[in-house]
Amino acid sequence: MQTAITTSKLIKMKENGEKITALTAYDYLFAQMVDQAGIEIILVGDSLGMVFQGKATTLPVTMDESIYHTEIVARACERAMVIGDMPFMSYQGSIDEALKNAGRFLKEAGAAAVKLEGGADVSNIIEKIVKTGIPVQAHIGLTPQSVHQMGGFKVQRDEERLLDDAKRVQDAGAFSVVLEGIPSEISAKITALLTIPTIGIGAGLECDGQILVLPDMLGINNKKVPKFVKKYADVYTEVVNGLESFAKEVKNKSFPSKEYEYK
Ligand code: KIV
């Protein structure tokens with residue numbers, strides 16, 4: 001039997017050179033499938049706002065929405081580590097607010113850890129949350145909550161800053177760090193520098209693990225996806241085909257046929 005994923009198991013995987021798999025999920029049905037597939041980390045990302053709620057950015061996602069989805073996902077998982085993603089302005093205002101909101105993910109939603117965006121600037125917040133016993137995954141590089149400050153969803157190339165951010169979040173006690181939208185050469189340097197696992201998204205092969213947004217990689221989403229997304233299925237087309245077949249059979253009276261009737 002496969003054992004539950006813990007922060008120490010993830011760090012061991014890095015030490016052993018075993019790649020870590022991570023995906024997002026937002027609901028019970030898909031979380032169950034992701035868990036069954038043996039994926040180690042399920043992030044209830046604030047990508048929720050864009051891929052699940054159809055909004056232009058992640059900024060409008062609220063704490064209550066994140067707790068609602070994280071609780072549903074956590075209920076579906078037997079093995080994967082479920083991480084709740086702290087929404088925009090749920091941790092930046094004050095340490096007290098950050099602690100209270102991080103705690104909600106564990107107390108109310110059953111998550112095992114939280115993720116938050118930012119490097120050196122949020123290292124004091126990471127430190128406080130970790131000291132209360134809540135594991136924190138950091139997120140540096142392209143941080144979507146800062147989309148307006150970055151002038152769009154842009155690849156981040158400031159090597160010195162990225163290396164400093166990575167070191168600072170590790171020193172603050174993060175158990176892992178997401179590297180998003182970073183040239184692979186820089187991600188490789190960060191991965192070699194850190195003892196905690198790096199989980200890449202648009203950050204090349206050298207990261208200790210990879211994460212993708214589930215609706216993008218399964219082709220559930222019919223919108224344009226970023227260059228780094230590989231589509232492993234075309235669920236959107238499959239579903240529309242199934243729905244069209246249902247509509248056609250109802251219209252031409254071939255469904256429900258005798259086999260679907262009660263006697
Ligand atoms: O919100 C999210 O899904 C994320 C991943 C892209 C890492 O932060």
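Note that the structure is a prediction, hence the values are computed from the model and not measured. First listed ligand is number 1; within each ligand, the first listed atom is number 1.
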*Asks:* For atom 8 (O) of ligand 1, grab the closest protein heavy atom and report residue, atom and distance to one decimal in Å.
*Replies:*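 It is K115 NZ, 3.1 Å.
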*Asks:* Has ligand 1 got any nitrogen or oxygen that is less than 3.5 angstrom from a nitrogen or oxygen of Y26?
*Replies:*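 No; every N/O pair is 3.5 Å or more apart.
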*Asks:* Does ligand 1 come near enough to E117 that some N or O of the ligand is less than 3.5 Å from an N or O of the residue?
*Replies:*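 No, E117 has no N/O under 3.5 Å of an N/O on ligand 1.
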*Asks:* Does S47 reach ligand 1 with a nitrogen or oxygen that is under 3.5 Å from one of the ligand's nitrogen or oxygen atoms?
*Replies:*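 Between S47 and ligand 1 (N or O atoms, distance only) the closest approach is under 3.5 Å.
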*Asks:* Does E180, backbone or side chain, put an N or O under 3.5 Å from an N or O of ligand 1?
*Replies:*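 No, E180 has no N/O under 3.5 Å of an N/O on ligand 1.
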*Asks:* I'd like to know if R75 pairs up with E71 as an ion pair, taking the criterion as any Lys NZ or Arg NE/NH1/NH2 lying under 4.0 Å from an Asp or Glu carboxylate oxygen.
*Replies:*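 Yes.
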*Asks:* Does a side-chain N-to-carboxylate-O contact under 4.0 Å join K100 and D96?
*Replies:*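 The answer is no: the pair does not qualify as a salt bridge.
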*Asks:* With no hydrogens and no angle check, just 3.5 Å: does a side-chain donor-acceptor pair link E65 and Q53?
*Replies:*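 Yes, a side-chain donor-acceptor pair sits under 3.5 Å.
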*Asks:* Can you list the ligand 1 atoms lying under 4.0 Å from a non-hydrogen atom of T24?
*Replies:*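 Listed by number with element: 3 (O).
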*Asks:* Do the charged groups of R79 and D35 touch, with an N to O distance under 4.0 Å?
*Replies:*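 No, R79 and D35 are not salt-bridged.
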*Asks:* With heavy atoms of G45 as the reference, note each atom of ligand 1 found under 4.0 Å away.
*Replies:*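 Matching atoms, with element in brackets: 1 (O), 2 (C), 3 (O).
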*Asks:* Under 4.0 Å from any heavy atom of H139, which atoms of ligand 1 are there?
*Replies:*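 Here the atoms of ligand 1 in question are 8 (O).
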*Asks:* Look at atom 6 (C) of ligand 1 and say which protein heavy atom is nearest, naming residue and atom and giving the distance to 0.1 Å.
*Replies:*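 Scanning the protein heavy atoms, the shortest distance from atom 6 (C) of ligand 1 goes to I201 CD1, 3.5 Å.
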*Asks:* Taking 4.0 angstrom as the limit, do D64 and R104 come out as a salt bridge?
*Replies:*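 Counted as a salt bridge, because a side-chain N and a carboxylate O are separated by less than 4.0 Å.
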*Asks:* If we set the cut-off at 4.0 Å for heavy atoms, which region of D85 has an atom near ligand 1: side chain, backbone, both, or neither?
*Replies:*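 It is the side chain that touches ligand 1; the backbone stays farther off.
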*Asks:* Heavy atoms only, cut-off 4.0 Å: how does D46 contact ligand 1, side chain, backbone, both, or neither?
*Replies:*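 For D46, backbone and side-chain atoms both sit under 4.0 Å from ligand 1.
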*Asks:* Do the side chains of K258 and E261 get close enough for a salt bridge, i.e. N-O under 4.0 angstrom?
*Replies:*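 Judged by the 4.0 Å cut-off on N to carboxylate O distance, K258 and E261 do form a salt bridge.
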*Asks:* Taking atom types as modelled, find out whether Y26 and T24 have a side-chain donor-acceptor pair closer than 3.5 angstrom.
*Replies:*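 Yes - a donor-acceptor pair under 3.5 Å links their side chains.
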*Asks:* Determine yes or no for a side-chain-to-main-chain donor-acceptor pair under 3.5 angstrom, with D46 supplying the side chain and P87 the backbone.
*Replies:*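 No.
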*Asks:* Got the closest protein heavy atom to atom 5 (C) of ligand 1, with its distance?
*Replies:*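 So the nearest neighbour among protein heavy atoms is L43 CD2, 3.7 Å.
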